[in-house]
Amino acid sequence: MSSLLSVLGFSERDESQEKDMSERRTAQRYRDVPTRTIAAAGAVFAYRELGPHAGVPLVVLTHLGANLDNWDPRVVDGLAQDRRVIAVDYRGVGDSTGRVRDSIEEMAADMVAVIRALGHNRVDLFGLSMGGMVAQAVITQAPHQIDRLILVGSGPAGGPGLMDMTRLTIATVPRAVVTFNDPKTLLFFTRTPVGKHAAREYLTRLKERTAGRDKPVSAGVYRAQLAAVHRWGEQVPADLSRFTGPVLIVHGDSDRMVPPENASALAQRLPGASVTVFPDSGHGVAFQNHRAFVDAARDHLRR
């Protein structure tokens with residue numbers, strides 16, 4: 001074996017190094033990283049992290065009714081190419097303990113506590129849908145703890161059409177069951193051929209993790225988070241001007257859950273924000289356009 005390796009230009013040490021490098025690459029895929037926990041704010045929070053430790057870490061906050069397994073692995077893996085990415089379950093969601101929050105501001109306070117418990121003085125923040133609302137509350141509570149912000153499919157407090165999310169979600173879930181569809185297919189993607197194809201690929205990717213999956217999201221979590229989003233839609237718009245860091249706002253032009261008008265409403269409240277709207281895309285805009293989104297997000301975070 002040694003002589004054959006020598007003929008091919010490798011040594012046994014080279015083969016071992018290649019194996020180690022392969023194992024490290026595998027370990028850095030979101031579908032494979034272990035779920036960890038940390039105590040903060042009177043609860044224990046589940047999180048997963050991957051990517052290099054150098055630089056400012058990126059904390060990612062997911063959408064309504066989601067646990068750690070609902071992150072598109074292509075998005076997380078792409079973002080983790082050149083920075084540490086930390087995905088956190090909200091209180092009472094998945095493997096996190098405690099009673100689920102029904103207030104965006106309380107969720108934000110939890111995330112501020114988790115970031116500090118993890119030992120990070122400053123982070124970048126990526127909020128998706130409800131996670132974007134939580135991210136906005138974080139920058140009002142701890143504006144000097146956040147460097148850069150990415151808001152995808154989200155809206156400001158009192159944003160246009162946000163109070164309709166509850167009605168739309170409640171109406172869509174039974175229809176999805178009757179038509180043998182995953183509710184995310186109808187809520188996150190357009191019904192065009194492009195949207196339907198993207199939905200199928202996304203749902204397939206969500207099944208890639210086969211071991212150590214998060215606990216399923218309960219009906220109680222949905223109810224509490226829907227109430228939180230509804231209250232957010234009723235509130236007077238918050239003053240976000242204290243946050244002066246760079247902001248990337250991404251939206252789908254056919255988002256039914258958070259109408260596209262929310263992108264410009266957010267930009268008006270955040271100095272230095274840039275807006276990208278993807279065509280033929282719904283609420284799952286980052287998942288449908290994962291390659292383009294990752295490129296845009298990495299460019300934003302590198303500036």
Where is the tightest heavy-atom contact between [X] and [Y], given as atom of each residue plus distance?
X      : Y      : result
Ser154 : Ser129 : OG-O, 3.0 Å
Leu79  : Val294 : N-CG1, 4.1 Å
Gly155 : Met133 : O-CG, 3.8 Å
Val229 : Leu64  : CG2-CD1, 3.8 Å
Gly195 : Thr190 : CA-OG1, 3.3 Å
Asp72  : Tyr202 : OD2-CD1, 3.8 Å

Distance check, rounded to the nearest 0.5 Å: [X] atom [atom1] versus [Y] atom [atom2]?
X      : Y      : atom1 : atom2 : answer
Trp71  : Leu61  : CH2   : CG    : 7.0 Å
Asp89  : Leu68  : CG    : CG    : 3.5 Å
Leu58  : Leu125 : CG    : CG    : 7.5 Å
Arg191 : Leu186 : CZ    : CG    : 5.0 Å
Leu226 : His230 : CG    : NE2   : 10.0 Å
Ile150 : Phe293 : CD1   : CZ    : 5.0 Å

Stepwise side-chain contact (heavy atoms from CB on, under 4.5 Å) test for Leu248 and Leu149: CA-CA 6 Å; Leu248 173 64; Leu149 188 63; over 6 Å; no
Would the distance check show the side chain of [X] and the main-chain N or O of [Y] forming a donor-acceptor pair, the cut-off being under 3.5 Å?
X      : Y      : answer
Asp255 : Pro260 : no
Tyr90  : Thr62  : yes
Gln28  : Gly51  : yes
Asn262 : Pro160 : yes
Asp299 : Ala296 : no
Glu105 : Gln141 : no

Could you go step by step and tell me if Leu206 and Asn70 meet the side-chain contact (heavy atoms from CB on, under 4.5 Å) rule? CA-CA 6 Å; Leu206 293 187; Asn70 287 111; 4.2 Å; yes
Residues that Asp102 engages under side chain to side chain contact (heavy atoms under 4.5 Å, CB included), provided they are two or more places apart: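 Asp102: side chain to side chain contact (heavy atoms under 4.5 Å, CB included) contacts with Glu106, Ala224, Arg231.
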Any side-chain donor near an acceptor of the partner, Thr192 and Asp280, under 3.5 Å: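 Yes, a side-chain donor-acceptor pair sits under 3.5 Å.
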Show me, pair by pair, the donor-acceptor contacts under 3.5 angstrom made by side chains of residues 265-276, not counting sequence neighbours?
residue: Arg269; atom: NH1; partner: Ala265; partner atom: O; Å: 2.8

Are [X] and [Y] joined in one hydrophobic group, where the rule is that I, L, V, M, F, W and Y side chains link up if heavy atoms are under 4.5 Å apart?
X      : Y      : value
Ile86  : Val56  : no
Val59  : Val112 : yes
Met165 : Met163 : no

According to the interplanar angle, ranging from 0 to 90°, do the rings of Phe188 and Phe287 count as parallel (below 30°), tilted (30 to 60°) or perpendicular (above 60°)?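 Phe188 and Phe287: tilted rings.
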Could you check if a side-chain atom of [X] sits within less than 4.5 angstrom of a side-chain atom of [Y], using non-hydrogen atoms only?
X      : Y      : value
Glu49  : Pro57  : no
Leu168 : Leu187 : yes
Glu234 : Leu162 : no
Val285 : Asp253 : no
Ser281 : Asn289 : yes
Ile104 : Met130 : yes

side-chain hydrogen bond (donor to acceptor under 3.5 Å, both in side chains): which pairs involve residues 209-227, sequence neighbours left out?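 Found none.
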Sequence neighbours excluded - side-chain hydrogen bond (donor to acceptor under 3.5 Å, both in side chains) pairs with any residue from residues 107-128: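 Output for this query lists Arg83-Asp124, Arg91-Asp110, Arg101-Asp110, Arg116-Gln145, Arg122-Asp147.
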Is it the case that atom CZ in Arg302 sees more than 12 heavy atoms from other parts of the structure closer than 6.0 Å? yes
For residues 34-47, please give each side-chain donor-acceptor pair under 3.5 Å, one per line with the distance, not counting sequence neighbours.
residue: Thr35; atom: OG1; partner: Arg48; partner atom: NE; Å: 2.8
residue: Thr35; atom: OG1; partner: Arg48; partner atom: NH2; Å: 3.3

Going by the side chain to side chain contact (heavy atoms under 4.5 Å, CB included) test, name the single residue among Lys184, Met257, Arg256 that passes it with Thr172.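 Answer to the side chain to side chain contact (heavy atoms under 4.5 Å, CB included) test with Thr172 among Lys184, Met257, Arg256: Arg256.
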Residues in salt bridge (charged side-chain N to carboxylate O under 4.0 Å, His left out) contact with Arg148, at least two apart in sequence or another chain: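 In terms of salt bridge (charged side-chain N to carboxylate O under 4.0 Å, His left out), with neighbours along the sequence ignored, Arg148 is linked to no residue.
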Begin from the C-alpha positions of Val76 and Phe126 and carry the test side-chain contact (heavy atoms from CB on, under 4.5 Å) through to its verdict. CA-CA 11 Å; Val76 180; Phe126 164 23; over 6 Å; no
Just to verify, which of Glu201, Glu208, His290 counts as forming a side chain to side chain donor-acceptor pair (under 3.5 Å) with Arg74?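 Single pass found, and it is Glu208.
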